[in-house]
Amino acid sequence: MVEGAKRNHKKAVYFLREGMARIHEKNAKEEAKTQEHMERRMQAVLSLKNSITSNREKLQALQAWNQAMAKKQEMTMREAILAEGGNVAKELFIHKRLLQHEKEKQALLEQQKSRKIEIVSKILQEKASILKQKNQQSRTKAIKRGGKFKDSSLWRKRTWRYIEKTCKDPAEELPQRSQCSPSVCSPAAERAASVGESSEDVPHEVLCEGDEDEERDKIPAEPELPELPSQECDLHKTSQEEMDTEHLATGTMKTEILEEEKEEFQTTIFNKGTVSGHEQGRTFYSKPSCIHFKDFDVGKIYKKKIVLINASYGINCCKPVGISTWMKDFITIQFDPPGKMPPGMSCEVGVIFKPVINEDLEGEIWFMAQTGSFSVPLKCTAKTCILALDTVLVDFGTHVVGETISRTVNLTNTGALGTRFKVQTSAGNSSRCGTTAESSTTTTVTQPSNDSAPEPSSDSAPEKKDSNSPVTSVLEKEERICPDGSEEPTCCEAQEEQQRTETCSTEQLAQDADNFSPDKDTDNTHDSTKPSPEETPIEIKLGKVTEGEIGPFSSVKLQIIFMPTIPGDVRAEFVIVFDNSDCKPLYFSAIGVSIDVPVWVPNPNIDLKICMYDRLYQDCIDIRSRRSLPEDAGSCFNEETSVLEAPVTIQIADNAKQINLTVHAVVTTSDLEISPAEINFGYCTIYEAVRTNITLTNKSILPQEFGFVRLPEFVEVQPNDGFGILLPLESLTLDVIFKANKAKEYSFELTCKSEANRQFKLSCRAVGVHPPLELSHSLVQFAATALNDVSTATLYVMNSHVSANFFTHAVPRIGNGEVAPVGPTSFEFCVPEDCPVTIMPSVGTVLPGKKSSIQVSFRPTLSDQLIREEAAQRLCEAAATEAEIQEEKIDEKKERRKSNVSVSRKQSSKQVVRTESIKRLSTSDIPEKPESKPEPKEIKPDSEVYIAAQAFLTRNFRGRFEKYIIPCFVASGDIDEKRGLESLSFSPYNTLYLELHCPAVAPSVVVTSDNGKNSIDFGDVAIGHTILKQTTIQNICPEKLELQFSVLNPSGPFLLVRPVRMLEPGEIKTFIISFAPNESKLFFEMLDIQTVKNNLPLRITGYGVTASTICSVEEVLDMGYILTGEKATSTFEVQNTSMVTLQYSIHLDSFSSTRDKDLQRVPSFLMSSLQGVETAGIENHHGLSVFSVDPTEGEILAGESQEFTVTFSPEHESPYYSKCLKVVLFRKKTAHVIQLKGAASDHPMYVEGGIPLDVPIESLAVTLPPSSKTAQKEELQKSVKSILLLLEHKEGEDGLQPAVTELKVGVIQTTQAASKKGVEFSFDNLSQLQKKGFTIEPVKGKVDRGHVKCISVCWVPPADFDASAPLVETAFLNLKGNIKQSYQILFVATVVSAPTC
């Protein structure tokens, strides 16, 4: 039971979990659906908001346009009324009341229409509810009967029959009203039809949606909301009174049936595939979406690549399956199947185009995927001419007869093919309208636009179309150019025909209105007085350029000249024809107004109202003069004085007497002249501002106020923001500052308005540049820096160009040119030679999205030329002073000599001769003229006068402020990849500029030592040696200074030994710096003496040099044998091969402080050979050193040598005299170690060689008295000394080579008489030695004094030799000189094995 309960519990828990999981999953899905629904609603709200905003903007634009049109109509009406001589205020008031009455009437009609519609809709609702009830009742009856209509087509057929029967009449009328098919109907045709036909309403379903969209795009500022009626809708609206209730019912019924069919059709639409619950649209997307080969040439090969991206939610693959048939001969596809691609992955497809014919081609490339096929559009367009005019109407404005005015029209070719053009007048299109009093209703309509037509009115003639409006010109331009940029001939021809039709119809209406005009006779009379077309002069004509060649992507300026000769309105039509048959002619027109009144009155009618007798009534008459006053006024105007004297005659009614008076006026112009008339700022980056100067001149003799108004945000005029007052004939220089905010080509005008409300234009052009790099700071302002001090600033060069997508953000480019490539970008700062600024690094490369740190240092110094000039002046002053001193000395000598000459009249010949000699001497003492002034270039920088001049200028420096602009050139690419003579290509327009403000001040502390140099140079110093240098500083400011020193490198060789902490004004103090190099290299450090105001930097340099020497003795200096009590000397030499002077000292072990400690060690004969060898030998007994060296210390100059003398003076006999000599440099480094050896003997003979058998250490026994020494000496003479000779014979060698050793028998060179003869030697027991294989050569001989004889001993193993034991033999060597001595020679011979390789 328990187990069953557990199993049931587990099952219950399992099912519960599954149920909870399904519930959670269901909730998640519902939540996702809810979120998606909310997002859709939010998107709908946002789109509605955007639509409302756009509609509001369009409505505002439409309202503004309507207001402008109303003002223009009002002005036209005013002019017409004034021309007729009517009352303007009265006519305008009547006109406004009529318009208000019309508005009220229209509002009443609209209200009636809306009420009728409400009534009809209620009737229809009631009918629909009744019909619905009947249908429900019939359905319930059918259900009860159990029957069902299986075929729904019967109901559909009945419905359509009802619709056809009901809508039969409107369907028949439709073709009569619409003259074109719904797909190609144009708005102009609809308007023409709507004007000509009856005002019956057209069903909404018949109008094509494509035309409505096109209509909506072309009409500017047209509201999209249905509640906002427009002019186009008014053309289609008709009176509601004529609408039949049956037609309304028919439209409503038809709408309901169409909605039902739409729902049924939507149910039959094929559902899109879904993957994992997601709706799947197009499975592959192409980048670019369309393959377009633009402007191709026949015979060339073009290649393009597209990227296909898997946009589905699953793994997919694709392959090309075909191409349009008519493009197979020109297109080749390169495709490498990538296999299966996960979502988001892409593959490349190459398309090669080989054009053979010069025609446009369009087609598709078809691909097959797992989810179905898709295609990529393909388009090939040949070179074409795309020609356009910048304006279709040239308005010259109002000018006086006799002037000449010029305007230009730009003909632009945006295509890749050039053509020839010719400009000519359009026959029959020129017209002139007089400005005299004519009927305002008889105006001519020219070039009506298709987008807006005047509403026909029964009580007024057609209104004149405003051809000056910019909206009309834009619409006409849009109608002639297709959306893809090419011209569409059929559409343009149709539109031109419609324009001609509308123009003719409108002109016919105008003529009909003229026929019914009450002023018909007057107009005919006026027309009869007009000159004939042959007599009318051409007032608007073309300039010099009337034909020529326009190249691809270029423009041509066409000049239009207006020379008015007859007062009135002038209009001329021009046409531009092209040699290329595909280019349609372009039309443009020019209009102008000419006047001939030199003095005109703004208000020609003065109404004094009702006047009483005996009262004075007056009013002001405003008389304004034209510029043609000198020609029109004649003798009344003096051109030199600009004085106008106009005679005025007042005639009184019923009185023959006239009142004559003269009106005086000084006439002056109100012109302001701007020079130059056009400014070209050139190329300007977005990080800088370009400034140029203009001159504004007042041509009037009256002061005028001026101001530059409506300036663009990227332009600034200074001073006073471009506002001010100009005195009569005054000229003022203004600064125009341009700062580009984006990379594009700028072309704009600046407007200067005068006090007289006149406007003067200044044309400006510029090209904005966005460089690939940017500086974190374009301006660096250094703090006040003392002379020879350093101020440092850090900035960054940043490369923020990571994407070439100019739709998402601003990209680097020059104007509208190509986008700079994304990648490494290099820079280089070019600092002028004389600039005291250093930039590190000045050259570098910045990767995309990275930045590079730049350090800018400012070190102010005195100019070298200024120092040289001061030094030259000092030399001149010193020379002048010295010359004055010499002259004073010569004058003193002359006076002294004159006092010594006798005053006696009688002089001897000797005295005369002496006097003449004195004169000659005096003339020779006259100093020569001082030499010419020394040239500053000849003064050397290391001379004393140069250094003194520099110190003087430093002390008297007053400070200066300098500004530098450093250019930074930018180039695409990595500078490290370019080697040798290669360089990166750069554009000068991408140059960045760094502005530096550098203020320099006088220092507070100066160096007075070493001629004022701010550097401490220790020169070459040997490693291990320490040098101290003193530096003196002085406080030259009037304040007490507290000094602080920067920290030197603790591990470096420089050390501040004694710093200075306080300096009184004018006080001089000294501090010490030491230099102890530990490496062989150049050392450099900066020591800053810091004060409150500024710092004094000191450069500390020194070079560590390794001390190198060469000794003539390498390791051992052997003094040889001498007699006891005598002295022997020897020399060795140490050469200094380094570049510095070396201090040396000689150390001997006998004088070492560790000698007693070294003697306590175990003797060398008791130690193994690996434990070292004793260097200290036997010493003299009386305490004096057996070896001495001279000199013991001193200096060795660079490249020189030093000779040392070693003296050997033993006092007792011993062959083991030895000392260790060390040559120590700078008391630290041991350069050489020399082992001094010597031997002393009581007799002049000695034997060397073999292995000694006695101990080479001083005896520890007590020294014997002299008597005992004599007895011991006699015993030694009788005793025999032993010498061991070891001979080793090696086996395995080629041939029998004997083992060889030698003995030396020598005689000491001495001055003693007893030792002057030689020594004889001989061997005993030679026979035994010969038997054992020993050979001695020579056996006996004689050695002279001061010579050494070598005795060779050879051994060859005998045949019976036992190699297991050494052979030992003994022989005696006898020496005979002043005494006899015997040496026991022990011969030890062994055989050893030769080493194997």
Side-chain angles (χ1 to χ4, degrees), residues 1-50 132 135-152 259-287 307-321 335-349 367-375 802 808 849:
M1 292 293 292
V2 176
E3 293 179 356
K6 289 182 179 181
R7 286 195 299 271
N8 294 335
H9 181 68
K10 288 181 180 180
K11 289 181 181 180
V13 170
Y14 173 75
F15 288 118
L16 179 60
R17 287 179 178 175
E18 285 190 349
M20 293 299 294
R22 285 195 296 270
I23 292 171
H24 287 315
E25 184 177 0
K26 184 178 179 182
N27 292 338
K29 289 182 179 180
E30 291 180 354
E31 186 176 355
K33 288 182 180 180
T34 306
Q35 185 115 10
E36 185 178 359
H37 179 65
M38 290 299 295
E39 288 181 357
R40 289 178 181 175
R41 293 187 64 183
M42 289 174 65
Q43 292 294 333
V45 172
L46 290 175
S47 63
L48 179 61
K49 181 180 178 181
N50 294 335
K132 187 176 180 180
N135 290 337
Q136 289 179 355
Q137 291 175 4
S138 61
R139 286 178 184 176
T140 51
K141 291 179 181 180
I143 291 171
K144 289 179 180 180
R145 294 171 186 170
K148 243 184 204 181
F149 290 99
K150 297 181 180 180
D151 192 2
S152 60
E259 290 179 355
E260 292 177 1
E261 286 186 352
K262 186 176 179 181
E263 293 177 358
E264 292 178 1
F265 178 73
Q266 289 178 353
T267 57
T268 61
I269 292 176
F270 178 73
N271 293 329
K272 295 182 180 179
T274 57
V275 178
S276 302
H278 296 281
E279 183 180 348
Q280 182 176 350
R282 187 171 180 180
T283 56
F284 278 89
Y285 287 95
S286 170
K287 287 189 177 181
V307 179
L308 297 179
I309 303 173
N310 182 10
S312 63
Y313 295 98
I315 298 175
N316 207 339
C317 61
C318 66
K319 65 176 181 178
V321 295
F335 181 72
D336 188 10
K340 295 184 177 181
M341 293 186 296
M345 299 301 291
S346 63
C347 63
E348 290 186 353
V349 180
F367 294 86
M368 180 60 70
Q370 290 181 355
T371 55
S373 62
F374 63 95
S375 63
V802 297
T808 57

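Excluded from the calculations below are hydrogen atoms, water molecules and symmetry mates; all remaining heavy atoms, backbone and side chain alike, are included.
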Heavy-atom pair with the smallest gap, counting every atom of Gly344 and Ile309: O-CG2, 4.0 Å
For Lys340, all residues meeting side-chain contact (heavy atoms from CB on, under 4.5 Å), sequence neighbours excluded: Ile315, Gln370
Residues that Glu36 engages under salt bridge (Lys or Arg N to Asp or Glu O under 4.0 Å), provided they are two or more places apart: Arg40
Least distance between heavy atoms, Ala369 atom then Thr283 atom: CB-OG1, 4.3 Å
For Lys319, all residues meeting salt bridge (Lys or Arg N to Asp or Glu O under 4.0 Å), sequence neighbours excluded: none
Separation between CE of Met20 and NE2 of His24, rounded to the nearest 0.5 Å: 4.0 Å
From CA spacing to verdict: side chain to side chain contact (heavy atoms under 4.5 Å, CB included), Leu308, Cys318: CA-CA 9 Å; Leu308 297 179; Cys318 66; 4.1 Å; yes
Separation of Met42 CE from Lys49 NZ (nearest 0.5 Å): 11.0 Å
Distance-minimising heavy-atom pair for Met368 and Val321: CB-CG1, 3.4 Å
Any side-chain heavy-atom pair of Lys29 and Glu25 under 4.5 Å: yes
Non-neighbouring partners of Phe374 that pass ring-ring contact (aromatic ring centres under 6.0 Å, His included), sequence neighbours left out: Phe284, Phe367
Separation between CD of Gln43 and CG of Asn50, rounded to the nearest 0.5 Å: 9.5 Å
Counterpart residues, side chain to side chain donor-acceptor pair (under 3.5 Å), relative to Glu18 (two or more places apart): Tyr14
Cys317 side, atom SG; Met345 side, atom CE - distance, nearest 0.5 Å: 14.5 Å
Partner set under salt bridge (Lys or Arg N to Asp or Glu O under 4.0 Å) for Glu31, not counting sequence neighbours: none
